[in-house]
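Presented below is the structure to which this report refers.
Whatever order the structure lists them in is the order used to number ligands and atoms, beginning at 1.
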Amino acid sequence: MSGPFRSGFVGIVGRPNVGKSTMLNTFLGEKIAIVSPKPQTTRHRILGVLTREDAQVMFLDTPGWHQPEHALGRYMAEVIKAVIEEADVLVAVIDARVGLREDDERVLDRIRQAKRPAVLALNKVDAVKKPKLLPLLEACAKTRLFSDCVPVSALTGDQMPLLLSRIIARLPEGPRWYEPDQRTDQTDRQRITELIREQILLATRQEVPHAVAVRLDELKEEGHLVSIQATILIERPGQKAILIGRGGAMLKRIGQSARSQIEQLLGRKVYLGLWVKVVEDWRRDARILRELGYAEQP
Ligand SMILES: Nc1nc2c(ncn2[C@@H]2O[C@H](COP(=O)(O)OP(=O)(O)OP(=O)(O)O)[C@@H](O)[C@H]2O)c(=O)[nH]1
Ligand SMILES: [Mg+2]
C-alpha cells in the first residue's frame with residue numbers, strides 16, 4: 001500500500017438545510033443522520049465513522065448554524081462551536097442554489113478564527129446551471145480559507161469521491177481508532193427517536209417541526225417483535241391537534257412510516273405506540289432539555 005494511514009475528526013458545518021446530514025449519509029453509504037427539507041433538522045453532534053484501507057475518517061455532522069432563540073438553540077450552537085474547535089479538518093457546506101448568505105459568512109468567520117484546515121463543498125449542483133457555479137467558486141477561492149472548493153451533489157453522489165479524497169489528504173497520519181464495523185456512536189434508542197422525529201418533520205409544516213421532541217419511554221422484546229412506546233412532546237395544544245390530525249389520521253401515518261424505518265434499522269418486526277403530550281415551552285426548559293439529551297453530558 002502506498003502512503004501513510006491517515007485518521008482524524010472531520011466536522012461538517014454550515015447553515016441549516018444545506019445538505020450536511022445528506023453528505024454524512026452519502027459518505028457512509030448508510031442512513032446515520034436523519035434528513036428533511038425543514039431547517040434545523042439536526043440537533044446533535046452525530047458521529048459517522050468511515051474506515052478504508054488508507055484512512056479512517058470520523059465525520060461529525062452538526063446542527064445548522066443560526067442565531068439561537070432559546071435554550072435548545074443555544075445547545076445546538078454549543079455543539080457547532082465544540083466541533084469547530086475539536087475537528088482536525090472542517091468541511092464547510094454551502095447550498096449552490098442559494099449562494100453565500102450572511103449566515104454562511106458567519107460560519108466562515110468561525111473557521112477562520114479556529115484556524116483549522118478546511119475544504120469547501122458547494123452542494124446541490126444537480127439543481128443549478130453550470131455558469132452559476134463560477135462566481136461562487138471564485139468567491140470561495142477569495143476567502144483564502146480553503147485548500148479545495150469542490151462542487152458536489154450529496155444527493156446524487158456526484159463528485160463525492162473527489163471531495164472525500166481531498167478531505168483525507170488534509171488528515172494527519174494516525175491510527176485506526178474505531179473497529180471497522182463501528183459506524184456511529186448513537187445508540188439504537190437514540191436512532192429510534194430520531195427516526196420518529198424525521199417522520200414528523202416530513203409530515204408537518206411551519207412551526208410544528210421545530211416544536212417537536214421525541215422521548216422513548218419503553219423498548220422491549222415481546223416474542224418475535226420489538227415493542228416500543230414513545231411520547232412526542234409538543235409546545236402548544238393547537239400543535240397537538242395538528243399532529244394527531246382528524247380522527248388520528250396524521251399520527252397514524254407518522255407511526256406507520258416511522259415503524260417501517262425502525263424495522264429497517266433493527267431488522268426486526270416492530271410494534272410502535274405513539275403518544276402526544278403538550279409541554280409548554282419545553283425548548284426553554286433546562287430540565288426537560290437535559291432529560292431529552294439536549295445538554296452537554298457532565
Ligand atoms: N437537490 C439536492 N438536494 C439536496 C442535496 N443534498 C441535500 N439535499 C436536500 O436538502 C434538504 C436538507 O438536507 P439535510 O441533509 O437535512 O440538510 P442539513 O444541512 O443537514 O440541515 P440541518 O440539519 O437542518 O442543518 C433535504 O431535502 C435534502 O434532500 C443535493 O445535493 N441536491
Ligand atoms: Mg442535518
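- The protein heavy atom nearest to atom 10 (O) of ligand 1 is Lys124 NZ, 3.0 Å.
- Looking at Ile34 next to ligand 1, no N or O pair under 3.5 Å apart turns up.
- In summary, the atoms of ligand 1 found under 4.0 Å from a heavy atom of Pro39, numbered by their order in the structure, are 24 (O).
- Taking any N or O of Pro16, backbone or side chain, none lies under 3.5 Å from an N or O belonging to ligand 1.
- At a heavy-atom distance under 4.0 Å, only backbone atoms of Ser36 (N, CA, C or O) approach ligand 1.
- Any N or O atom pair closer than 3.5 Å counts here, and Val18 shares at least one such pair with ligand 1.
- Not one N/O/S atom of Thr62, from backbone or side chain, sits under 2.8 Å from the Mg ion (ligand 2).
- At the shortest separation from atom 25 (O) of ligand 1 among protein heavy atoms lies Lys20 NZ, 2.7 Å.
- Residue Thr156 places no N or O, backbone or side chain, under 3.5 Å from any N or O of ligand 1.
- Looking at Thr41 against ligand 1, both its backbone and its side chain come within 4.0 Å, counting heavy atoms.
- The Mg ion (ligand 2) is the vertex of the angle joining OG of Ser21 and OG1 of Thr42, which measures 90° to the nearest 10°.
- Between the side chains of Lys31 and Gln264, no donor N or O sits under 3.5 Å from an acceptor N or O.
- In this structure, the separation between NE2 on His210 and NE2 on His70 is 8.5 Å, given to the nearest 0.5 Å.
- Between Gly64 and ligand 1, an N or O atom pair is found at a separation short of 3.5 Å.
- Between the Thr41 side chain and the Pro37 main chain, no donor and acceptor come within less than 3.5 Å of each other.
- Residues satisfying the side chain to side chain contact (heavy atoms under 4.5 Å, CB included) criterion with Glu102, sequence neighbours excluded, are Arg106.
- Among all protein heavy atoms, the one lying closest to atom 6 (N) of ligand 1 is Asn123 ND2, 3.2 Å.
- For atom 12 (C) of ligand 1, the closest non-hydrogen atom on the protein side is Asn17 OD1, 3.0 Å.
- A distance of 7.0 Å separates CD1 of Ile32 from CD of Gln186, quoted to the nearest 0.5 Å.
- Residue contacts with ligand 1 for Ser21 involve both N, CA, C or O and side-chain atoms from C-beta outward (heavy atoms, distance under 4.0 Å).
- Cluster annotation: Ile192 and Ile34 are assigned to the same hydrophobic cluster (Ile/Leu/Val/Met/Phe/Trp/Tyr, side-chain heavy-atom contacts under 4.5 Å, transitive).
- Shown here is Gln256, whose CD atom has more than 12 heavy atoms of other residues, nucleotides or ligands within 6.0 Å.
- Backbone and side-chain nitrogen or oxygen atoms of Ser153 are examined, and one is located within less than 3.5 angstrom of a nitrogen or oxygen of ligand 1.
- Using cut-offs of 30° and 60° for the angle between ring planes, the His44 and Tyr75 rings count as perpendicular.
- The CG atom of Leu100 lies 11.0 Å from the NZ atom of Lys142; values are rounded to the nearest 0.5 Å.
- Of the protein's heavy atoms, Gly19 N, 3.1 Å lies nearest to atom 17 (O) of ligand 1.
- A salt bridge links Asp109 with Arg112: the closest approach of a Lys/Arg side-chain nitrogen to an acidic carboxylate oxygen falls below 4.0 angstrom.
- Taking CZ of Arg283 as the reference point, atom CZ of Arg74 lies at 12.5 Å (rounded to 0.5 Å).
- The CD1 atom of Ile234 sits 7.5 Å away from the CD1 atom of Ile200 when rounded to the nearest 0.5 Å.
- Atom numbering of ligand 1 starts at 1 in the shown order; those under 4.0 Å from a heavy atom of Gln40 are 24 (O).
- Among all non-hydrogen protein atoms, the one lying nearest atom 32 (N) of ligand 1 is Asp126 OD1, 2.7 Å.
- Among protein heavy atoms, the minimum distance from atom 7 (C) of ligand 1 is reached at Thr22 OG1, 3.3 Å.
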